[in-house]
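Heavy-atom basis, side chains included; hydrogens, waters and symmetry copies ignored.
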Amino acid sequence: MTLALITLVSCSVKYGFTGGSTGDAKTIQIDFFPNNATLVEPIVSQKFTLELQDRFLRQTSLDLVTNDGDLHFEGEITEYRIIPISATAEQTASQNRLTVGIRVRYFNKLVPDDDFERTFSFFSDFDANAQLSGSLLEDALTEIFERITQDIYNASLDNW
């Protein structure tokens, strides 16, 4: 009896590969996230949108759709800024910090109580003498988006 109950309960909730519950959802819609920050880096919108889609496709069995998804993400990049964070003895910056902030609106068509609107942000530090372009920019954005997409995943499927 106990084994049958455990089996029945475990079959009623669908989990992603990292433990997040997708419930009865079968599809996910992730809209393009435009860059509305004051400072605009052209590759940020597309790179973030693709990384968020990739996160959910890798960690769940949901199908990506362009409209009417059971789970739906939309939003915009609200912050992209570079600031000095440490100084040398000569009063010049030795390190800079790139910070990216993204406003996310999440809608769960099957469980509307799980809907939220939040801003997620993270940063990457780099040498102040380096030009933030090319592979340095790619690496910084990869680090930032890895953290932000995981935080969005956790907030939406792990309800934290």
Check your understanding: Quick one: do Glu41 and Lys47 make a salt bridge, cutoff under 4.0 Å?
Key -> no

Review point. Hey, does the side chain of Thr60 reach the backbone of Leu57 with a donor-acceptor pair shorter than 3.5 angstrom?
Key: no

Exercise for review: Take Arg103 and Thr78, measure what side-chain hydrogen bond (donor to acceptor under 3.5 Å, both in side chains) needs, and give me the verdict at the end.
Suggested key: CA-CA 6 Å; Arg103 163 102 32 220; Thr78 57; over 6 Å; no

Review point. How about Phe73 and Ile28: do any of their side-chain heavy atoms sit closer than 4.5 Å?
Key: yes

**Study point:** Whether Asn108 side chain and Leu71 backbone form a donor-acceptor pair below 3.5 Å
**Key:** no

Practice item. Answer yes when Arg97 and Asp125 have at least one side-chain N-carboxylate O distance shorter than 4.0 Å, and no when they do not. Key: yes

Study note, to complete from the structure: For Pro34 and Gly75, the nearest pair of non-hydrogen atoms, with its separation, is CD-O, 3.2 Å

Review point. Ion pair present between Asp68 and Lys109, side-chain N to carboxylate O less than 4.0 angstrom?
Key: yes

**Study point:** Qualifying residues under ring-ring contact (aromatic ring centres under 6.0 Å, His included), relative to Phe145, sequence neighbours excluded
**Key:** Phe48

Point to revise | Donor on one side chain, acceptor on other, Asp31 and His72, under 3.5 Å | key: yes

Exercise for review: For Glu51 and Thr149, run side-chain hydrogen bond (donor to acceptor under 3.5 Å, both in side chains): C-alpha distance rounded to whole Å, both residues' side-chain angles, the deciding distance at 0.1 Å, then the answer.
Suggested key: CA-CA 7 Å; Glu51 297 239 359; Thr149 60; 5.5 Å; no

**Study point:** Ile144 side chain near Thr99 side chain, heavy-atom distance below 4.5 Å
**Key:** no

